[in-house]
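Here's the structure, in structure tokens; my notes come after.
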Protein chains: 2
Amino acid sequence: MIRTRSRATMEDVARIAGVSKKTISRYINNSPDVSRSMRARLDAVIAETGFVPNAQARALALRRTFLVALVHDGSDRAVREAAETGILRAMEGSELALVVLPRGDDAASGLHRFLERHAPTGVVLLPPLADRDDLAALCARADTPCLRLGEDEPACDERAAMAALVEWLLANGHRRIGLIAGPDASASARRREAGYHDALAARGLERGAWLVAAGDNSFSSGMEAAALLLELSPRPTAIVACNDEMAAGALAAAAEKGIAVPGELSVAGFDDTPLAAMTVPPLASVHVPWARMAEAAMARLPGIAPMTRHDRGADSFPADVVPEPPRTWQGTPVLRASVAPIAPGQGEPAAMPRLRRAIPQA
Amino acid sequence: MIRTRSRATMEDVARIAGVSKKTISRYINNSPDVSRSMRARLDAVIAETGFVPNAQARALALRRTFLVALVHDGSDRAVREAAETGILRAMEGSELALVVLPRGDDAASGLHRFLERHAPTGVVLLPPLADRDDLAALCARADTPCLRLGEDEPACDERAAMAALVEWLLANGHRRIGLIAGPDASASARRREAGYHDALAARGLERGAWLVAAGDNSFSSGMEAAALLLELSPRPTAIVACNDEMAAGALAAAAEKGIAVPGELSVAGFDDTPLAAMTVPPLASVHVPWARMAEAAMARLPGIAPMTRHDRGADSFPADVVPEPPRTWQGTPVLRASVAPIAPGQGEPAAMPRLRRAIPQA
DNA sequence: TTGTATGCGTTATCAT
DNA sequence: ATGATAACGCATACAA
């Protein structure tokens, strides 16, 4: 049969180089058992023949494909985008490819099917799916590394970061601070809410000062929640949302009621997504380094960077030289024009008595 | 060697069913050559054994993986997100998986490597990469179907859609209408710009009335371009941007200058992305059904829907029953609060003389 | 350090 | 309509 320039295989390279297929295999897999001279010789032959290892054949033999699955539930575009960036950066230069797996309620069955069919190198779970122990168990059963972004160490201390943001508001005179919470089912959202409580409690403001409205991370839910909070009397002087999209909704709600931001109301979000820079006024937010977190987490997958199975051998540098990622990442408040120190006369007088008592306790 | 419940293979199913492997293969591939009774028998055995065809082995034999690559340059998140949604909807139920391939300047070499390594079932090129004939040629050489979103038929008539939007502004009294153009290298952006010119020309407003500032589809470029346009005297009464992000930038620029939208300035975007609903005021935009376009385009890939190679045989319904997608998609202006008819006294008097002449010609 | 034989799970060819 | 056998391209166990 005539085959027009079918690609070169290991066999061809081996024949031309005058070695066995196994040597080529070792070369491909970066085995330390290939002498420097042999490697140089093969470099030449491979360049000349344009040989590219067939990923499908490797996958069949290794019982593992060169895919990394990013599983998300579509609830937070921006976080997903950032995570993706980091993952792709980590995969750069490797033969890995990133497949996206949007899973809603069928997360378990969908992931199961994917694992069965494609046997990926690794799975990355995005919040809020990263909470799901059942999904992690599925991966474990399939013997597939599972990275739970925001849940595994090293994670980001969202609670402390939210507390820092709220503390800034408190330090700048705000006392009636509303929170737009995220979905209850999300551990990440609960951590952020806890940070809000922490900051208030640190100032001696207990339950009586809590102003929490529920949201689901969507713009419209943020708008509705903010509308509720802004009906309160005395009205909050600041609203913090558990993500940027809801905070943008709060901006819209304020605009609808003719409430000036930040003149009469400070608004802040969380995650510091691109949206935060695109609102009017620009939205203060807590920067969470999702991309770098994802990139760092990827190091736990085999086949990433210049590390393959064989590299762990004597040839490679000692493990203690590999830079350790930080234990936890910093989430840092980014102050933008949507927040400001409380203005003279801002806030209803009714709120003041409680405040005067609270401040000294801080 | 003891192997704990390794998954069933074709071999197992064949043995249990008392047939040959080839029959199982035919069953899997939906061959019409499998009798109804045989199919029923195999249904049972397969359900019982939990057999799942091994995609890697199939890929090796077929010389093709079950992957679809989405290639984009990261320049338009929202469009990408929408396209992705459509693609995934089309793939639902199939064994295909979607891999994302962000490619910048290295688009050609990156795609080449991917095609070589992974031999995907198909490639989807997003604008502005969909323009690139070299990428399409690469796919052709690899014998891989290539869907050029927004370029292939059926595409969306962006030019007419933009013209319709501008015509609405004209019909509502606007005469000085600025355009924030997209990157020159993008055919899509050029079509939109052409639509702007069409609408003006149809009203007898020729070159003298053009107010075009360059942008690159980013928020900041939109802000800068709008800042330029708003320095003009007489000032434009409306600004249309070639995408939503730039239009959001225009809103920000207007806010910075204290220009009321839509009171003193109407602003509109293009694509009708989620962002358009999240600005203050909500952004008028041209809805482009990217998701449905992508979904429809996917029908051109093999292995989508209930169609496999064998399905095209006598067993399946005749080709003329398959619903044809529309030849071109409609882009429809979505009017939101960022646009309004021109107000009495809006626009500098200096502009009027030219306008008075122009209107009768329409 | 390098080579040999065999397996991975499926599809294609050609026969029946 | 179904079956026997040879690819598909690489990895692994074991031998040398």
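Throughout, protein chains are lettered first and strands after them, A, B, ... in sequence-line order, and every chain is numbered starting at 1.
DNA chain D is contacted by both A:I24 and B:M38; B:M38 maps to the nucleotide lying nearer its 5′ end (nearest heavy atom per residue). Heavy-atom distances to DNA chain C give each of A:K22 and B:A57 a nearest nucleotide, and the one nearer the 5′ end belongs to A:K22.
In this structure, the NZ atom of B:K21 is 12 Å from the C1' atom of C:dA12, given to the nearest Å. Atom C1' of nucleotide D:dA11 and atom CD of A:Q56 are separated by 15 Å, given to the nearest angstrom. What separates CE of A:M10 from P of C:dG3 is a distance of 12 Å, to the nearest Å. Counting to the nearest Å, the P atom of D:dT12 and the CZ atom of A:R64 are 13 Å from each other. Atoms CD (B:E95) and C1' (C:dT11) sit 13 Å apart, rounded to a whole Å. Here D:dG9 presents its C1' atom at 14 Å from CZ of A:R15, a figure rounded to the nearest Å. Taking atom CG of residue B:N29 and atom P of nucleotide C:dT13, one finds them 13 Å apart after rounding to whole Å. Atom pair A:D12:CG and D:dC8:C1' shows a separation of 13 Å (rounding to whole Å applied).
B:M91 is listed as a side-chain neighbour of B:L88, based on a closest heavy-atom distance under 4.5 Å. Considering only heavy atoms from C-beta on, B:H118 stays 4.5 Å or farther from B:V99 through its side chain.
B:N29 and B:S31 share no side-chain donor-acceptor pair at under 3.5 Å. In the model, B:R103 has no side-chain atom that pairs as donor or acceptor with a side-chain atom of B:S109 under 3.5 Å.
Checked against C:dT2, D:dA11, C:dT11, the side chain of A:S35 finds its nearest nucleotide in C:dT2. Listed candidates were C:dG3, D:dA4, C:dT11. Nearest to the side chain of B:A61 is C:dT11. Comparing C:dT11, C:dG3, D:dC10 by their closest approach to the side chain of A:R58 singles out D:dC10. Taking the side chain of A:R26 as heavy atoms from C-beta on, and the options C:dT2, D:dT2, C:dG9, the nearest nucleotide is C:dT2.
One finds a side-chain N or O of B:T23 lying less than 4.0 angstrom from the OP1 or OP2 phosphate oxygen of D:dG3. Taking only side-chain nitrogens and oxygens, B:T9 never comes nearer than 4.0 Å to OP1 or OP2 of C:dG9. Between B:R63 and the phosphate of D:dG9, there is a side-chain N or O to OP1/OP2 separation shorter than 4.0 Å. Regarding contacts with the backbone of D:dC8, every side-chain N or O of A:N54 stays at 4.0 angstrom or more from both OP1 and OP2.
As judged by a 4.0 angstrom heavy-atom cut-off over every strand, B:L60 is placed among the base-contacting residues. Using a 4.0 Å heavy-atom distance criterion, A:Y27 is classed as making no nucleic acid contact.
For CG of A:D106, the number of neighbouring non-hydrogen atoms (other residues, nucleotides, ligands) closer than 6.0 Å is greater than 12.
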